[in-house]
There are 2 protein chains.
Amino acid sequence: MTQLTPRHRLVRAAVEAFAEKGFHATTTRDIASRAGMSPAALYVHHPSKEGLLYELSRDGHLAALDVVRRAVDGSDVPAERLRRLVHDFTRWHAEHSLTGRIVQYELTALAPEHLAEVAGYRRDIEATAREVLEDGVARGAFSVDDVPGTALAVLSLGVDLVRWYLPDGPRTPESVADLYAALALRMVAA
Amino acid sequence: MTQLTPRHRLVRAAVEAFAEKGFHATTTRDIASRAGMSPAALYVHHPSKEGLLYELSRDGHLAALDVVRRAVDGSDVPAERLRRLVHDFTRWHAEHSLTGRIVQYELTALAPEHLAEVAGYRRDIEATAREVLEDGVARGAFSVDDVPGTALAVLSLGVDLVRWYLPDGPRTPESVADLYAALALRMVAA
DNA sequence: GTGCTGACTGAGCGCTTGCTTAGCATGCAA
DNA sequence: TTGCATGCTAAGCAAGCGCTCAGTCAGCAC
């Protein structure tokens, strides 16, 4: 039995509740009771319900961005860079499908200044995908008509995963990641 | 200036509000005021806020299912069937991106019996995609390792569109539909 | 005119929401 | 022993929620 700080118990409870029912359908009483505390305890450790969402969303976006950056920095070969990008991006969403659902679906619940911040991380992720495709096209490894559109499409595979993926389902994160990486490579094959 | 029935004005207002802020963040007062009515007027034409969502979600699912069925019935050639499936599915989501967002993102807000009904339509759409792939593989037109996984992937392109597509943006429904249909064909190329 | 119907509103009910406040128990330092 | 910080709770406040209800009003039949 791992020991969790009260603060972290509340974070975990919020992840479960937000992922299951969405931010607006989740009450502070629900989060607190999942963490085994009274409603008021939430405000000892977090500034507000939206502040809790912001922390989850920001950390999730930064983790996903880090995964993407490490993936494309790990190789110089265009096909290998794209394979790792889609593979690791997809695997992260499968391994953190609850957090991923919050990252992808609860943007509109963020306060404007918090939305502006995470929108920047999202642009960085999309720009990284475009850069990998452009580089591959320039070096003759890929054949792509519409680079921005194809970049959106390869990321869509990992993003849309959080809509249907079940942690205890038949597909492992690794197997979906392998499948989607292979499909992405076919999309750009020269 | 087209004449709309009061009932349809409320439906349009609900589509806009639900798509913009989500079901739980939308108030009945907001829907009514967008339709130029008092809050009580909503209940003259609709049984409840959830009933309004159900009507939108059911009609949207049935329209999407109809688009998918007509697409695959329009040809006997595997590649043409898949091309039409992804093209028309994507174009429908682009042309009806507000309704599409409600169809794809507000499932959890439906009452259990309403969710069960639309889940059936969703299964029919996914089964149609699997059938097109299986038929193409059996006839030697496609090379697909994981038919269910690839079926999910080709539908994900159209589904995820509603997350970022803007009706007044640079991409027309037809251009995104063409792009995604071409990418899907590449995914299964023998 | 009279009677009726359908569309609509103003007022508001009962309830839940996010969040606050006052206060209590524990543990540590001096 | 005293003083204080930390972590928490019971109680509850103000606001907003979905929804209801009594009543108004225009239009139509006769």
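If you're wondering where the values come from, they're calculated on a predicted model, not measured in any experiment. Protein chains get the first letters and strands the later ones, always in sequence-line order, with residue 1 at the start of each.
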Closest listed nucleotide, where the reference is the side chain of B:Thr28 and the choices are C:dA7, D:dC19, D:dC8: D:dC19

Check every atom of C:dA7, C:dT20, D:dG18 against the side chain of B:Val44 and return the nucleotide holding the closest atom. C:dA7

How many Å lie between CE on B:Met37 and P on C:dG10, as a whole number? 13 Å

Give me the one residue out of B:Leu56, B:Leu107, B:Asp66, B:Asp124 that meets side chain to side chain contact (heavy atoms under 4.5 Å, CB included) with B:His61. B:Leu107

A:Leu52 CG - C:dG18 P separation (whole Å): 12 Å

Flag this pair as yes if the NZ/CZ of B:Arg58 is under 6.0 angstrom from the six-membered ring centre of B:Tyr54 and inside a 45 degree cone about the axis; otherwise no. yes

Nearest whole angstrom, please: distance from the P of D:dG7 to the NE2 of A:His8. 17 Å

Under a 4.0 Å threshold between the charged nitrogen and the carboxylate oxygen, would A:Lys21 count as salt-bridged to A:Asp30? yes

In whole Å, I'd like the distance from the CG atom of B:Leu42 to the C1' atom of D:dC17. 14 Å

Residue A:His45, side-chain heavy atoms: nucleotide from D:dC8, C:dG18, D:dC17 that is nearest: D:dC8

Closest approach to the side chain of A:Lys49, judged atom by atom: which nucleotide of D:dA10, D:dG18, C:dC19 is it? C:dC19

Do B:Arg29 side-chain and D:dG16 base share a donor-acceptor contact under 3.5 Å? no

Could you check how far CD1 of A:Ile31 sits from C1' of C:dT17, rounded to whole Å? 12 Å

Please state how far atom CG in B:Leu10 lies from atom C1' in C:dT9, giving the value in whole angstrom units. 14 Å

For B:Glu50 and for A:Ala40, find the nucleotide of DNA chain D with the closest heavy atom, then tell me which residue's nucleotide is more 5'. A:Ala40

May I ask you to say what A:Thr27 touches in the nucleic acid, namely base, sugar-phosphate or nothing, with a heavy-atom cut-off under 4.0 Å? sugar-phosphate

Note: B:Asp146-A:Arg171 ion pair, threshold 4.0 Å (strictly below): yes

What nucleotide among C:dC19, C:dC8, D:dG7 has an atom nearest to a side-chain atom of A:Tyr43? C:dC19

Side-chain contact check for B:Arg9: nearest option of C:dC8, C:dT9, C:dG18 is C:dC8

Presence of salt bridge, A:Glu126 and A:Arg123, under 4.0 angstrom: no

